[in-house]
Amino acid sequence: MQYLHSAVHSIEMLLNTFSTSPNHACLRGQLASSWSLCYLTDTLLVTQKRLYSTSFKQRGSSTCKASNKSSFRWAKDATSPMMVPGRILPDDKKPMLSDVSHCHIPILDMDEPIDRVIDKVAKACEEYGFFQIINHKVPQELCQNMLTAVTDLFHLPPEDKALLFSDDQAKDVRICHHYRKDQASQEKIALWSEVFKHSWHPIDDFTHTLPRNPPQYRKVIALYAKNIGGLMTLLLSLMSQGLGLEPNCLNDKIRGNPTYRVQANYYPPCPNPELTLGLGVHTDRDALTVILTTPEVQGLQVLKDEKWIAVDPVPGALIVNLGDQLQVLSNGQYKSVLHRAITNKTQNRVSLAMFYGPGKDTLIGPIEHLVNEKHPPRYRSYRFSEFLDEFRRQEGNRRRVKEAFELHMNG
Ligand code: OGA
Ligand code: NI
């Protein structure tokens with residue numbers, strides 16, 4: 001019987017492809033126009049600037065840059081930010097934490113025989129769209145170093161972070177905030193997090209665009225990205241086989257000039273987690289996501305059968321979830337499900353989501369082998385750029401992007 005770790009060795013070859021792609025410049029151009037949107041309103045900035053200026057002064061730190069550009073000053077703060085009106089979600093968007101179910105998302109051991117792993121991956125992709133993996137071969141020390149580097153980044157002095165803060169979606173490397181729009185007033189409600197975004201490919205090209213501080217960030221993310229690139233290739237191969245397709249099928253559908261995005265999330269303690277969210281309810285727009293998160297703190301929740309399930313962090317595990325493109329490619333057999341991040345009263349939580357998706361010009365639609373009389377196509381084909389346009393159009397709301405590409409059968 002063939003075992004999974006032998007497959008892992010063959011990934012080294014694929015890793016070379018990751019680091020030698022000829023499309024670097026082109027990729028950067030594409031990424032520049034494909035960022036998700038997430039900003040505070042001017043009103044909120046002004047209100048918060050006033051509220052926070054006192055604490056800036058008390059601490060005797062330099063105030064102007066940080067308070068002008070990013071009103072948040074959460075990193076390493078002894079006290080949490082206040083629950084100001086511009087941060088309280090309208091009732092229909094509050095998390096209703098008492099309703100969370102106690103069911104669990106699947107935990108897969110990658111050291112099990114490959115046939116078993118394929119079956120379990122397929123089942124998890126069909127039923128949950130989310131699973132955790134253990135024995136994934138990404139070194140634990142590297143994962144720990146990555147989490148430390150992300151935490152250190154968010155703990156930089158506010159004036160350093162202010163330099164990275166930007167509302168400009170065309171900027172490849174930036175810190176920003178997410179928000180939700182209140183449908184009634186159309187006001188933007190800031191969510192309880194800070195987010196650091198950049199691209200993670202090509203490995204040798206992207207790191208020089210990243211901040212020099214914290215000093216280890218560039219080196220650690222480069223190594224981590226190589227590992228995750230290999231892991232994603234393996235996961236897509238298992239997912240392809242789980243659909244009865246050739247092992248390379250999903251990789252081939254995405255591979256032509258793909259998109260690689262990182263989102264590091266920082267969730268500070270929150271005085272009242274019932275009133276806000278760290279990350280709003282969303283599905284991931286790309287194909288595949290691998291998440292590394294603070295092991296001790298719960299925060300991620302996944303929707304299953306209309307109920308929210310809390311993801312219990314498993315030490316050493318990575319969380320895997322499917323993005324919208326895999327749902328479309330699999331003709332709806334695999335699910336890209338709604339998820340959110342809640343806050344907690346006492347602890348900081350960080351997470352690092354690595355996204356992998358098609359390039360702007362890549363044609364996405366249900367894979368031919370999965371379409372037949374019994375399974376008619378559920379989505380029309382589109383270029384990924386069309387999907388991104390629709391994604392941007394729905395900014396600030398709970399997005400229903402893939403639904404815009406659904407085909408409705410007669411009868
Ligand atoms: C994301 C995401 C979950 C988390 O970044 O898209 O879903 O736990 N993150 O932070
Ligand atoms: Ni997500």
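FYI, the numbering just counts along the sequence from 1. In listed order, ligands and their atoms are each counted from 1.
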Where the Ni ion (ligand 2) is the vertex, angle from D284 OD1 to H339 NE2 to 10°: 90°
Between R349 and T293, a side-chain donor and acceptor under 3.5 Å: yes
Contacting atoms of ligand 1, where contact means under 4.0 angstrom from a heavy atom of L300: 3 (C), 8 (O)
Distance-only side-chain donor-acceptor flag, Q325 / D286, under 3.5 Å: no
R285 to F387, cation-pi by 6.0 Å centre distance and 45° axis angle: no
Donor-acceptor side-chain pairing of Q144 and Q140 below 3.5 angstrom: no
Per-atom contacts of ligand 1 with L279, taking only distances under 4.0 Å to non-hydrogen atoms: 1 (C), 2 (C), 5 (O), 7 (O), 9 (N)
Centroid separation Y217 to F196 less than 6.0 Å: yes
For A353, the ligand 1 atoms whose distance to one of its heavy atoms is below 4.0 Å: 5 (O)
Contact partition for I319 relative to ligand 1, non-hydrogen atoms under 4.0 Å: neither
Mode of R349 contact toward ligand 1 - side chain, backbone, both, neither (heavy atoms, under 4.0 Å): side chain
Near-ring test Y266/H155, centroid separation under 6.0 angstrom: yes
Check: W200 side chain, R261 main-chain N or O, donor-acceptor pair, under 3.5 Å: yes
Closest protein heavy atom to atom 5 (O) of ligand 1, given as residue, atom name and distance to 0.1 Å: N265 ND2, 3.2 Å
Among H178, Q263, Q298, H282, closest by any non-hydrogen atom to atom 6 (O) of ligand 1: H282
Nitrogen or oxygen of T293 less than 3.5 angstrom from that of ligand 1: no
For the student: nearest non-hydrogen atoms of D324 and S336, plus distance: OD1-OG, 2.7 Å
Y267 neighbourhood, listing ligand 1 atoms whose heavy-atom distance to it stays under 4.0 Å: 4 (C), 10 (O)
Ligand 1 atoms in contact with H339 (distance to a heavy atom under 4.0 Å): 7 (O)
